[in-house]
Amino acid sequence: MKLDWKAIVPVAIGLAIWLVPTPQGLQPYAWQYFALFTAVIAALVLEPIPAAAAGLMGITLAAALNLVPAQAGVAPTTADALRWALSGFSNGTVWLIFVAFMFAMGYEKTGLGRRISLVLIKKLGRSTLGLGYAVALADLALAPFTPSNTARSGGVIFPIIKNIPPLYGSTPESGARKIGGYLMWTALSATCVTSTMFLTALAPNLLALSLLEKTAKFTFTWNEWFLSLAPACIILFAALPYLVYVIYPPEIKRSDDAPRWAGEELAKMGALTRKEITMAGLAVFALVLWIFGGKLFDATTVALMALSLMILTGVVTWEDITGHKTAWNVLCWFATLVALADGLGKVGFLKWFAALAAGAMSGFSISALMLALVLLFFFIHYMFASLTAHTTALLPVILATAMGIPGIPMKTFAILICATLGLMGILTPYATGPSPVYYGCGYITRKEFWTLGFVFGVIFIGVLLGVNFPYLLMRGAS
């Protein structure tokens, strides 16, 4: 029987760390838990088995070995270990992610997402630049209600825009730069920006929020998130299609056939249906309560209310919900990851690491340390093929490090760190879910993809830090 090296490596890493003598200042069970945690993260990166299964096995083994106590410094018990292992399944943010997948299903099932995209192409698509803005605006319209940029961009936007380049003789084999390369890179870039702009536009944003609450003991509302990041995100979004137009210019500047094609597709769809109108109304209902109803309803409660109305109005059925394998898979996956990351704090590892890192960073200015940590967190994503694995592995450690440095305004630092999660999806062909879709379509060569990824990555992080860092400090975030 041939052994899979992807299955051997995580186990080998975990055992190697486990066998290293426990560092001074840590309990043996804390070091053993760190070894197990590292093995799970390696499994998430290499994926010898499904990610949700790796997470489930991780919390099961930690519970079976009684590695996680109720709080740091207290010996673990069997009851404490089980309570911790199941804690992620009662996490409100995990359920918010799940319900947001139901929103995405509602857009797809009713056809509303496709209609919005086609209308924008019809109205704005007479020039190639206008077509770029139509693609970006289509993603923007779906982003607040679609926590999977893979579903949003790869599942809704890409299937529509892939039909446009052939209208102009632009195919991966011939004339890719005529219009196809521009559209594909604009679509990917746009979804990275919208993934940062809205809390509910990317599942790792919500995961980060849960980890932030457990590690730093504070959180952000939907409204706070948007207002905190609006300056940089609006600038990036508004400039993005033009930036791509200048940096990676299309050979064809006019696109008269695209609006005609979109009009034909809309004619095939017919008039707005009752379900599309209902879906639009429920999306607005949820968005209004997320923005203005924070004092009355928790964000997850709002999402569950909207989901209940989707069922009552027939937008989706209960069979649709129980049959949505991706959503249930993500629920199990994120529930186990939230528990695993929380375990680092419960065993005392984060407190120990923070004290160690803070001592090594003494002597530098607060601003320099904040910027250095954000840049490290952003560019280290070259080593990850999953935003979720990146978030789970590094966010609690980076937050704990910052908390150990006196004088750091933690809210400012936390929002800057969390804001990088969507933007870092531009870096590589494997950086985020839609990346392989746009890379694999063949319109952008390997060299172009890596070069553009670095250039736009620098632009994205430069605008975020150059605009939002002083803006947040000026607002007095602490």
Side-chain angles (χ1 to χ4, degrees), residues 23-26 34 37-38 41 72 196 204-205 207-220 224-225 227-233 236 341-342 344-345 348-384 387 389-427 454 457-478:
Q24 186 176 359
L26 276 182
F34 174 66
F37 178 84
T38 305
I41 295 302
T196 284
N205 290 348
L207 175 61
L209 200 69
S210 180
L211 300 181
L212 177 63
E213 187 174 8
K214 292 180 178 296
T215 305
K217 309 305 179 187
F218 64 82
T219 188
F220 294 97
E224 285 176 327
W225 179 285
L227 292 176
S228 296
L229 299 178
C233 287
L236 281 173
D342 182 44
L344 287 174
F349 180 85
L350 290 182
K351 184 177 180 181
W352 169 82
F353 182 85
L356 198 68
M361 293 182 177
S362 59
F364 295 92
S365 71
I366 295 298
S367 294
L369 287 174
M370 290 174 67
L371 293 175
L373 288 172
V374 172
L375 289 170
L376 173 66
F377 186 75
F378 182 80
F379 283 108
I380 206 170
H381 191 60
Y382 274 103
M383 299 172 59
F384 285 87
L387 291 174
H390 185 154
T391 305
T392 308
L394 295 184
L395 184 62
V397 176
I398 292 287
L399 288 173
T401 301
M403 290 170 65
I405 302 172
I408 280 193
M410 278 305 298
K411 271 214 163 183
T412 297
F413 178 76
I415 195 66
L416 287 174
I417 280 287
C418 293
T420 65
L421 292 171
L423 299 179
M424 66 179 63
I426 200 65
L427 289 174
F454 177 76
V458 170
I459 292 172
F460 284 3
I461 195 66
V463 172
L464 176 69
L465 295 179
V467 173
N468 263 75
F469 186 43
Y471 166 74
L472 290 170
L473 291 177
M474 188 172 58
R475 287 183 68 199
S478 58

Looking at every heavy atom in both [X] and [Y], which two are closest together, and how far apart are they?
X	Y	answer
P204	T391	CB-OG1, 3.8 Å
A232	V467	N-CG1, 3.9 Å
L416	T420	O-CG2, 3.2 Å

Answer whether the closest heavy-atom distance between the side chains of [X] and [Y] falls below 4.5 Å.
X	Y	result
K411	F218	yes
F34	L26	no
I366	P409	yes
F378	I417	no
L464	F460	no
I415	F220	yes

Donor-acceptor pair, side chain of [X] and main chain of [Y], under 3.5 angstrom:
X	Y	value
T196	L423	yes
H390	F377	yes
W352	P23	no

Spacing of [X] atom [atom1] and [Y] atom [atom2] [to the nearest 0.5 Å]:
X	Y	atom1	atom2	result
S367	F413	OG	CZ	12.0 Å
I426	H381	CD1	NE2	11.0 Å
T219	E224	OG1	CD	8.0 Å
K214	L212	NZ	CG	11.5 Å
L472	N468	CG	CG	5.0 Å
I398	T215	CD1	OG1	12.0 Å

* To do: Might you confirm whether atom CZ of F469 has over 12 heavy atoms from other residues, nucleotides or ligands at distances under 6.0 Å?
  => yes
* To do: Take C418 and L209, measure what side-chain contact (heavy atoms from CB on, under 4.5 Å) needs, and give me the verdict at the end.
  => CA-CA 8 Å; C418 293; L209 200 69; over 6 Å; no
* To do: Tell me, with the steps shown, if T412 and M370 meet side-chain contact (heavy atoms from CB on, under 4.5 Å).
  => CA-CA 9 Å; T412 297; M370 290 174 67; 3.9 Å; yes
* Report the C-alpha separation of V374 and I461 in whole Å, then their side-chain angles, then the decisive distance to 0.1 Å, and conclude whether the side-chain contact (heavy atoms from CB on, under 4.5 Å) test is met. => CA-CA 9 Å; V374 172; I461 195 66; 4.1 Å; yes
* To do: Check step by step if side-chain contact (heavy atoms from CB on, under 4.5 Å) holds for I459 and L236.
  => CA-CA 9 Å; I459 292 172; L236 281 173; 4.3 Å; yes
